[in-house]
Structures are given as C-alpha cells and as structure tokens.
A.B. asks: 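First, the structure itself, so that you have it in front of you.
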Amino acid sequence: MPWQRYRTTRGDSGVRAFALAADAIAVVFVNGSIYLYTDASAGRACITRMRDAALAGRGLSTLISRTVKARFAARLS
C-alpha cells in the first residue's frame, strides 16, 4: 500500500497520511501513530466512508473519532 499525503481542505486535520487497499485503510496521525482499519474490524461501510473522506481530503479524522473509534485491526506504530 503506497502512502498518500492527506490533503485536507482546511489544513488542521489530525491525519497526516493514508494508504488504501481493497479491504482496508491505514492512517498516519499527526502524533506519528499508525493504525490499520479493515472491513473485518470496522465494517465495509465505514471503510468505504473512510476511503471517500481520505480521497476528498475532508472529514477523515472526524469520522474516525466519532464513528469508527477504536475499531482498528492493528496499531502499526
């Protein structure tokens, strides 16, 4: 999964970068922690919404903090 810089439209996001796979998204937060979210851990609908938010550069951090919360598959760093 290649990393992509999260290009937030507002410039004040808690997300720094993300990487997409067919059934998962990995997220790098501004504090340096990296989390992997999968269809199995967060649900297909959440992963689809996270992917859309990541590509749009809008709402990913909010979506994670309000909806997805701790439903990650693994903490990678």
A.B. asks: Give the intermediate values and the outcome of side-chain contact (heavy atoms from CB on, under 4.5 Å) for residues Leu20 and Leu55.
C.D. replies: CA-CA 10 Å; Leu20 300 174; Leu55 292 172; 3.9 Å; yes
A.B. asks: Evaluate Thr38 against Ile47 for side-chain contact (heavy atoms from CB on, under 4.5 Å), listing each step before the verdict.
C.D. replies: CA-CA 7 Å; Thr38 66; Ile47 296 301; 5.5 Å; no
A.B. asks: So, for Asn31 and Ser33, which heavy atoms are closest and what is the spacing to 0.1 Å?
C.D. replies: OD1-OG, 2.7 Å
A.B. asks: When hydrophobic residues are tied together by side-chain contacts of less than 4.5 Å, even through go-betweens, does Val28 share a cluster with Phe18?
C.D. replies: no
A.B. asks: Of the non-hydrogen atoms in Ala53 and Gly59, which two are nearest, and what is the gap between them?
C.D. replies: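 Ala53 and Gly59 have their closest heavy atoms at CB-C, 4.1 Å.
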A.B. asks: What about Trp3 and Leu60, same hydrophobic cluster or not, with Ile/Leu/Val/Met/Phe/Trp/Tyr joined at side-chain heavy-atom distances under 4.5 Å?
C.D. replies: no
A.B. asks: Would you say that Val68 contacts Met50 through its side chain, given a criterion of any heavy-atom pair below 4.5 Å between the two side chains?
C.D. replies: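 They are in contact (side-chain heavy atoms under 4.5 Å apart), so the answer is yes.
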A.B. asks: Can you name the closest pair of heavy atoms from Asp12 and Thr8 and give their distance?
C.D. replies: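 It is N-CG2, 4.0 Å.
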A.B. asks: Tell me, yes or no, whether the heavy-atom count around Arg71 atom CZ, taken from other residues, nucleotides or ligands under 6.0 Å, exceeds 12.
C.D. replies: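 Result for CZ/Arg71: enclosed.
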A.B. asks: Side chains of Ile64 and Thr62, heavy atoms from C-beta outward: is any pair under 4.5 Å?
C.D. replies: no
A.B. asks: Can you tell me how far the CZ atom of Arg51 sits from the OH atom of Tyr37, to the nearest 0.5 Å?
C.D. replies: 14.5 Å
A.B. asks: Please say yes or no: joined through hydrophobic side-chain contacts below 4.5 Å, possibly via intermediate residues, are Leu36 and Ile34 part of one cluster?
C.D. replies: yes
A.B. asks: Tell me, yes or no, whether the heavy-atom count around Arg49 atom CZ, taken from other residues, nucleotides or ligands under 6.0 Å, exceeds 12.
C.D. replies: no
A.B. asks: Checking Arg5 side chain against Arg7 main chain: does a donor-acceptor pair fall under 3.5 Å?
C.D. replies: no
A.B. asks: What's the shortest heavy-atom distance between Ser61 and Ser13, and which atoms?
C.D. replies: CB-OG, 3.8 Å
A.B. asks: From Tyr35 OH over to Ser41 OG, what is the distance, rounded to the nearest 0.5 angstrom?
C.D. replies: 12.5 Å
A.B. asks: Scan for salt bridge (charged side-chain N to carboxylate O under 4.0 Å, His left out) pairs involving residues 22-48, sequence neighbours excluded, and state none if there are none.
C.D. replies: Asp39-Arg44
